[in-house]
Amino acid sequence: MAGGDTEPRTEPFSEPQRLEKLRELVSLGIDPFGHRFTGITHHAEEIAAHCDDLAGQAVRIAGRVRAVRLHGGSCFLDLHDESGRIQVYVRKDAVGDASFRLLDLLDLGDFLGVDGTVFRTRRGEPSVDATSFVPLAKALRPPPEKYHGLQETELRYRYRYLDLMANPEVRRIFRQRTAIVQAFRRTLDARGFLEVETPVLHHQATGAAARPFETHHNALDLDLSLRIALELHLKRLLVGGFERVYEIGRVFRNEGISTRHNPEYTLMECYQAYGDREDMMDLTEALVRESALAALGQTRFTYRGEEFDVGEPWRRVTFAQAIRDHGGPDIDKLRAEEDWRGVAREAGVDSAQPITKLMDDLFEHYAQPHLRQPTFLLDHPAAMSPLARAAADPRYALRFEPMIAGMEIGNAYTEQNSPLAQREAFEQQANERQRGDAEAHPLDEDFLFALEHGMPPTGGLGIGIDRICMLLLDAPNLREVILFPLQRPRA
RNA sequence: GCGCGCGUAGCUCAGCUGGUAGAGCAGCUGACUCUUAAUCAGCGGGUCGUAGGUUCGAGCCCUACCGCGCGCACCA
């Protein structure tokens, strides 16, 4: 992926005229790619919003030219900067003949620096009456169409810069995403969590049930995997004596792509010593509430036409209860694996697959689509939760998954801190792996070595940042909240 | 991976029952000193995703491949 996913296309330029104009600029002694432009006083949005207060005031602005309306001896330009659009009025009388002729060398997409005074046109449009302007950077290709923008999904993702250039709502989405991430940091920092960074290159990808990407270190001649979770390194830090840690980082899962999945995605994981999953439920409510407030200014939001509110305490329901509630079997009555396979057959769920997958399928079959409002799904079967402590009934784990709109947005445990129980759970997973469950957790001897030095009782939580963004920002598709989603190289 | 759909000018899109490629924006030339999807007059622009096939003739029908989207599968 280094260097982007497309071949550079330098030839032929779609606009040979632009190259010609570039040469003319050079012949006039103007650097077509400009230089430092200091002393910018305002953004477009400020001028538009405070036009009357600023009227008559000298301003210096810079941005990209998105429209040119030439009227012989005068010209209107639409200049776009990060904040929005402002109109620039250039009169030959004001800037002089030589400067005015530079407009002939200007193309849509070029960057321009402008000095001028704020005024409102007769039609009421906030504008800057230019006293001078300077070309700052030439664009050799045209920007997307000014009215319809860039519509084709493939082009929007592949050339996200064009999408950002053309579609202001896309810029808004990614500002809101940043606001959400900042809300996570602010909330965690305020509660005394220490932000840390742990390795992306792992000897063994553990901490979740997923297939990893494999890579290789040449100098050490060492096979490595990209991480699939942050969990086991963060827990090592609790062994080391940090009491509250978190990381917001990219994880990589070598699996299919869908509206809800991207091979790399951003995960927040945090761990709180002397806590348990109860603390993590409080924290989840706070993180999601603060995210909504940061991005939307309120706790209510609409996702795909459905109303949600993350301002209230979330509903709680156990894994078993959720299945019962929606017409499924009473799994509390199940003892042996064969019992599970029996109810799976009745439900029409694949009964021959690995047992953890089967359990998950039963839940998805009966309950998951019905868990709409913010809900903590509690007490998953212990077999599918090898990193969590067992509940009073050892068939279940002290675990929860926060769910909104039928979608899992995270995962949390009262963490397993007994090295003995952890080893047992890993061995059980190894068993499952031998029986054909390719995604069972591998045994991590190095992590067990750490646990054997003692880890305090701990509550741990992971939340998928992209999923939260998708929900809060009403994105139909995870890729809408990822700047550069993975795409195949173009033919 | 499987199924369905899409791919026409730089962008947004038309293109009928198979008859030899269109519009708007963008570009170029000219006019215009308060326009704003500026306007007016004129001009240029296409391996119709790629490669085969059927046909007198294919943007259109068939096959394969490439890319994208959606659904399923896998996962969060």
Side-chain angles (χ1 to χ4, degrees), chain A residues 5-6 9 12-18 20-21 66-78 85-95 100 104 107-109 119-127 129 139-159 162-163 165-166 208-212 228-229 251-269 350 353-354 356-357 360-361 364 368 401-403 407-411 437-439 462-468 470 476-479 485 487-491:
Chain A
D5 57 358
T6 53
R9 289 182 236 158
F13 279 115
S14 56
E15 303 289 343
Q17 298 95 338
R18 288 179 180 242
E20 193 45 49
K21 290 174 181 176
R66 289 301 307 279
V68 176
R69 295 177 291 280
L70 189 63
H71 294 264
S74 76
C75 181
F76 291 93
L77 307 171
D78 286 350
R85 183 196 79 101
I86 187 70
Q87 177 169 268
V88 173
Y89 185 41
V90 182
R91 283 175 299 128
K92 193 191 283 188
D93 296 346
V95 301
F100 197 78
D104 291 335
D107 284 302
L108 300 191
F119 79 112
R120 200 181 275 279
T121 64
R122 269 177 222 156
R123 298 279 182 86
E125 175 85 12
S127 305
D129 189 8
L140 292 178
R141 297 181 189 276
E145 207 255 2
K146 65 181 171 187
Y147 190 62
H148 298 93
L150 193 68
Q151 299 292 322
E152 200 173 315
T153 321
E154 177 185 349
L155 300 181
R156 288 187 46 236
Y157 297 157
R158 202 178 286 283
Y159 309 114
L162 297 179
D163 190 29
M165 205 186 289
R211 271 183 249 263
I228 57 173
V251 298
F252 307 85
R253 300 191 178 181
N254 206 340
E255 279 150 5
I257 298 176
S258 81
T259 46
R260 284 171 291 280
H261 301 85
N262 197 58
E264 53 179 303
Y265 71 99
T266 302
L267 185 59
M268 186 292 299
E269 283 194 28
D350 178 3
Q353 61 187 329
T356 57
K357 180 70 184 91
D360 207 26
D361 270 10
E364 281 175 28
Q368 180 160 353
E401 287 182 301
M403 317 257 319
M407 193 158 49
E408 301 150 294
I409 60 167
N411 191 18
D437 185 353
E439 290 178 356
I463 291 186
I465 298 283
D466 315 79
R467 288 264 176 101
I468 288 285
M470 182 177 161
N477 179 321
L478 201 67
R479 287 182 285 269
Q487 305 247 282
R488 285 195 166 89
R490 225 174 180 197

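Remember, it's a predicted structure, so these values are computed and weren't measured experimentally. Numbers restart at 1 for each chain; the letters A, B, ... are given by sequence-line order, proteins then strands. We use all heavy atoms of the structure for the numbers below, so side chains are in, but hydrogens, waters and symmetry mates are not.
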For the side chain of [X], starting at C-beta, report the closest nucleotide among [options].
X       : options                : result
H148(A) : C74(B), G71(B), U12(B) : U12(B)
T153(A) : A76(B), C74(B), G69(B) : G69(B)
Q487(A) : U36(B), C68(B), C34(B) : C68(B)
E152(A) : U36(B), U12(B), G69(B) : U12(B)
Q17(A)  : C13(B), U36(B), G27(B) : G27(B)
D361(A) : G69(B), C70(B), C74(B) : C74(B)
T121(A) : G10(B), U35(B), C32(B) : U35(B)

*asked:* I'd like to know if the side chain of E152(A) and the backbone of L155(A) have a donor-acceptor N/O pair within less than 3.5 Å.
replied: no
*Return yes if some donor-acceptor pair links the side-chain N/O of R91(A) with the main-chain N/O of F100(A) below 3.5 Å, else return no.*
no
Report the distance from atom [atom1] of [X] to atom [atom2] of [N], rounded to the nearest whole Å.
X       : N      : atom1 : atom2 : result
R122(A) : U36(B) : CZ    : P     : 13 Å
L108(A) : U36(B) : CG    : P     : 16 Å
E145(A) : U12(B) : CD    : C1'   : 5 Å
L150(A) : C68(B) : CG    : C1'   : 13 Å
E364(A) : C74(B) : CD    : C1'   : 10 Å
R158(A) : G7(B)  : CZ    : C1'   : 12 Å
D107(A) : G27(B) : CG    : C1'   : 9 Å
M165(A) : U12(B) : CE    : P     : 14 Å

*Can you tell me which stems RNA chain B forms when a stem means 3 or more consecutive Watson-Crick or G-U pairs under 3.5 Å?*
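RNA chain B forms these stems: B:1-7 with B:66-72, B:10-13 with B:22-25, B:27-31 with B:39-43, B:49-53 with B:61-65.
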Is the closest side-chain heavy-atom distance between [X] and [Y] below 4.5 Å?
X       : Y       : answer
L150(A) : M165(A) : no
P142(A) : D107(A) : no
R18(A)  : L108(A) : yes

Quantified in whole Å, what is the [atom1] atom distance between nucleotide [N] and nucleotide [M]?
N      : M      : atom1 : result
C74(B) : U12(B) : C1'   : 37 Å
C11(B) : G1(B)  : P     : 28 Å
C68(B) : C32(B) : C1'   : 45 Å
A21(B) : G44(B) : C1'   : 16 Å
U17(B) : A73(B) : C1'   : 40 Å
U29(B) : G67(B) : P     : 40 Å
U20(B) : C70(B) : P     : 37 Å

Is any side-chain nitrogen or oxygen of [X] closer than 4.0 Å to OP1 or OP2 of [N]?
X       : N      : answer
S258(A) : G71(B) : no
R260(A) : A76(B) : no
R123(A) : U35(B) : yes
N477(A) : G69(B) : no
K21(A)  : C28(B) : yes
Q87(A)  : C34(B) : no
R141(A) : G10(B) : no
R479(A) : C70(B) : yes

Sugar-phosphate only, base, or nothing, as touched by [X] at under 4.0 Å among non-hydrogen atoms:
X       : result
Y157(A) : sugar-phosphate
L162(A) : nothing
A166(A) : nothing
G149(A) : sugar-phosphate
N262(A) : base
G256(A) : base

*Base of U36(B) paired with side chain of E125(A) (donor-acceptor, under 3.5 Å)*: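 For E125(A), whose side chain was compared with the base of U36(B), there is a donor-acceptor pair (under 3.5 Å).
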*Test for a donor-acceptor pair under 3.5 Å between the base of U33(B) and the side chain of D93(A), counting only N and O atoms.*
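Between U33(B) and D93(A), which were checked side chain against base, a qualifying N/O pair under 3.5 Å is present.
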*Among all residues two or more places apart in sequence or in another chain, which pass the salt bridge (charged side-chain N to carboxylate O under 4.0 Å, His left out) test with E125(A)?*
R85(A)
_Y89(A) and F76(A) aromatic ring geometry - parallel, tilted or perpendicular at 30°/60° bounds_ = parallel
*Could you give me the CA-CA distance, side-chain angles and deciding distance for R69(A) and Q87(A), then say whether side-chain hydrogen bond (donor to acceptor under 3.5 Å, both in side chains) is met?*
CA-CA 10 Å; R69(A) 295 177 291 280; Q87(A) 177 169 268; 2.8 Å; yes
*Closer to the 5' end of RNA chain B via nearest nucleotide, is it Y147(A) or K92(A)?*
K92(A)
_For N262(A) versus L478(A), what's the shortest heavy-atom pair and its separation?_
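Scanning both residues completely, I find the closest heavy atoms to be N-CD2, 3.7 Å.
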*Just jot down the side chain to side chain contact (heavy atoms under 4.5 Å, CB included) partners of P354(A), sequence neighbours excluded, or say none.*
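Applying side chain to side chain contact (heavy atoms under 4.5 Å, CB included) to P354(A) gives K357(A), D437(A).
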_Using the side-chain contact (heavy atoms from CB on, under 4.5 Å) definition, which of the options M470(A), R467(A), E401(A) pairs with I409(A)?_
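In the set M470(A), R467(A), E401(A), the residue that makes a side-chain contact (heavy atoms from CB on, under 4.5 Å) with I409(A) is R467(A).
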